[in-house]
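Shown next, in structure tokens, is the structure this report addresses.
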Amino acid sequence: MKLKAVYIELVHPKAPYNFKYSTRNPSHFPTPTGDEEENKIWFTMRWQEEPIGVKLVNKGSVDKPAVEVSIYSKNKLNYAELIDELIYRLEWNEDLSELYKVLKDFPEIVKKFKGMRMFCIDDLYEYLMITILLQNTHVKRTVKMAQGMLKNYGDLLEFDGKEFYCFWSPERILKVPEEELRALKVGYRAKSFLRASQDYLKLDEFEMRNISDEELRKKLLSIYGVGPASVDYIARDVFHRKNALDTVPPWEAKIYSKLLNVNTVDPKKILEIVKKKFAGWRGYAMHYLFMDLNWKHKEEPIEWFGKLMPY
DNA sequence: CATCAGGGCCCTG
DNA sequence: CAGGGCCCTGAT
């Protein structure tokens with residue numbers, strides 16, 4: 001599908017805003033739903049049922065942020081509404097000054113990553129599908145499964161001289177028999193995709209933005225295929241809950257242990273330490289520490305991390 | 001070649 | 001609340 005209508009607007013995120021660290025995450029598994037270059041990023045999304053393409057170009061600096069947003073669509077849209085949505089998803093109006101106080105023991109990290117926001121362009125539905133793709137497997141297989149699913153059920157979009165897939169809609173995937181999904185080697189996840197899609201259609205993700213952390217957690221856990229590990233990621237990344245971190249899986253506990261320089265790898269003890277240390281911001285704070293490690297590892301591989309990080 | 005664990009979650013007892 | 005089962009893949 002060729003996307004022709006184009007709308008361009010220069011948006012000013014609240015300073016400080018670090019474009020690079022807010023739009024790239026070395027630990028994300030690659031999907032054919034977007035691309036990035038220095039100071040540029042392309043991605044797709046489904047907005048009000050319509051698949052669209054978005055390009056962001058950095059036109060500012062950390063202290064004077066400016067991002068040129070280009071919207072590509074088949075039909076004209078209510079652009080003001082869509083820009084507001086992007087501001088929400090990209091956390092462009094967030095004030096993180098309290099976070100930096102909580103991170104006082106990590107001055108180098110605060111200095112380097114000041115202005116880094118959470119980067120999740122996905123809506124609840126897409127992120128549900130992503131967390132299911134991640135469960136109980138290695139990244140390599142996750143990538144393969146994602147490609148297979150996108151190729152078969154996603155929408156191929158053409159915009160700005162590029163081609164990317166947009167995630168399938170829940171309605172689309174619900175028409176597919178479970179056996180057909182299984183043929184794509186997604187295994188028992190086939191059932192999860194279908195049941196989670198059904199559950200999603202009963203929810204109102206916009207309403208969920210306003211409920212308490214506790215209620216949100218309960219609602220998310222009621223979705224088939226969503227358990228304690230996925231809830232933390234969804235609450236933090238999609239719903240921007242700064243304190244979302246109630247489960248530390250063993251593989252993360254080993255990494256946190258090193259990051260926090262403590263002599264335990266017991267997930268429960270680690271969680272207690274994190275709760276105390278990063279009161280009110282534990283999800284966000286750990287993201288900062290984790291990103292620091294990811295970028296260091298990308299620039300120069302860290303042996304212990306390479307061994308611990310599931311691949 | 002067989003075995004096994006792996007960015008969890010569901011279901012059962 | 002603990003533990004087995006689940007699809008598949010690649011490592012051993």
Side-chain angles (χ1 to χ4, degrees), chain A residues 24-31 33 118-120 122 124-153 173 176-200 203 216-238 244-259 265-268 270-271 274 282-283 286-287 289-295 297-298 301-311:
Chain A
R24 301 173 70 169
N25 184 338
S27 77
H28 275 178
F29 70 91
T31 56
T33 56
M118 212 53 82
F119 181 62
C120 178
D122 306 301
L124 173 60
Y125 183 70
E126 289 178 9
Y127 214 61
L128 278 175
M129 298 299 109
I130 289 170
T131 53
I132 292 170
L133 283 164
L134 285 168
Q135 286 163 14
N136 202 22
T137 189
H138 319 279
V139 170
K140 218 180 208 170
R141 188 168 167 218
T142 295
V143 170
K144 234 178 169 176
M145 292 189 290
Q147 282 172 346
M149 297 274 295
L150 285 166
K151 223 178 196 174
N152 280 278
Y153 313 115
I173 210 78
V176 182
E178 188 177 326
E179 298 75 51
E180 193 180 313
L181 290 181
R182 278 179 178 264
L184 295 174
K185 318 270 189 200
V186 299
Y188 65 88
R189 290 172 200 79
K191 186 179 175 190
S192 302
F193 290 130
L194 296 174
R195 295 269 317 257
S197 297
Q198 276 182 335
D199 291 346
Y200 171 83
L203 297 170
L216 178 65
R217 189 177 163 79
K218 243 165 83 186
K219 245 192 168 104
L220 290 174
L221 282 172
S222 75
I223 302 170
Y224 187 93
V226 174
S230 301
V231 161
D232 281 346
Y233 295 133
I234 299 171
R236 190 193 61 186
D237 299 347
V238 176
L245 208 179
D246 290 293
T247 308
V248 180
W251 69 275
E252 280 186 10
K254 289 180 199 159
I255 295 168
Y256 287 10
S257 166
K258 293 256 191 187
L259 286 177
V265 290
D266 176 16
K268 283 197 168 166
I270 300 258
L271 183 59
V274 168
R282 60 180 186 264
M286 287 314 297
H287 176 69
L289 302 199
F290 199 63
M291 278 305 103
D292 179 46
L293 189 61
N294 270 306
W295 279 102
H297 183 62
K298 188 188 167 91
I302 302 165
E303 206 191 334
W304 68 263
F305 184 56
K307 277 185 190 161
L308 287 178
M309 190 65 182
Y311 53 93

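Lettering follows sequence order; numbering is per chain, from 1. Just so you know, these numbers use all the heavy atoms, side chains as well, and skip hydrogens, waters and symmetry mates.
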Touch class at under 4.0 angstrom, heavy-atom based, for A/Y224 against every strand present = sugar-phosphate
query: If we take the P atom in both B/dC10 and C/dT9, what is their distance in whole Å?
result: 23 Å
Q | Any donor-acceptor pair under 3.5 Å from A/R195 side chain to A/Y224 backbone | A | no
Correct closest heavy-atom pair for A/Q135 and A/G225 would be NE2-O, 2.8 Å
pair_partner(B/dG7), Watson-Crick or wobble, both distances < 3.5 Å, evaluates to none
Comparing nearest nucleotides in DNA chain B, the 5'-proximal residue of the pair A/F290, A/I223 is A/F290
Fill in: Atom C1', compared across B/dG7 and C/dA2: separation rounded to whole Å
23 Å
Worksheet entry | Main-chain N/O of A/Y127 paired with A/T131 side-chain donor or acceptor, under 3.5 Å | yes
Heavy atoms of A/T247 and A/R217 approach each other most closely as OG1-NH2, 4.3 Å
In terms of heavy-atom contacts, A/P250 and A/P267 come closest through CA-CG, 4.3 Å
P atoms of C/dG10 and B/dC9, separation to the nearest Å
23 Å
When A/S27 and A/L221 are each assigned the nearest nucleotide of DNA chain B, the 5'-most assignment goes to A/S27
Might you list the N or O atoms of the protein lying below 3.5 Å from N or O atoms in nucleotides 4-8 of chain C, with each pair's distance?
{"from": "C/dC7", "atom 1": "OP1", "to": "A/R182", "atom 2": "NH2", "distance (Å)": "2.9"}
{"from": "C/dC7", "atom 1": "O5'", "to": "A/R182", "atom 2": "NH1", "distance (Å)": "2.7"}
{"from": "C/dC7", "atom 1": "O5'", "to": "A/R182", "atom 2": "NH2", "distance (Å)": "3.3"}
{"from": "C/dC7", "atom 1": "O4'", "to": "A/Y188", "atom 2": "N", "distance (Å)": "3.1"}
{"from": "C/dC7", "atom 1": "O2", "to": "A/R141", "atom 2": "NH1", "distance (Å)": "3.1"}
{"from": "C/dC7", "atom 1": "O2", "to": "A/R141", "atom 2": "NH2", "distance (Å)": "2.8"}
{"from": "C/dC7", "atom 1": "O2", "to": "A/R189", "atom 2": "NH1", "distance (Å)": "3.1"}
{"from": "C/dC7", "atom 1": "N4", "to": "A/N136", "atom 2": "ND2", "distance (Å)": "3.3"}
{"from": "C/dC8", "atom 1": "O4'", "to": "A/R141", "atom 2": "NH2", "distance (Å)": "3.1"}
{"from": "C/dC8", "atom 1": "O2", "to": "A/R141", "atom 2": "NH1", "distance (Å)": "3.0"}

Is A/D246 paired with A/R282 through a side-chain N to carboxylate O contact shorter than 4.0 Å?
yes
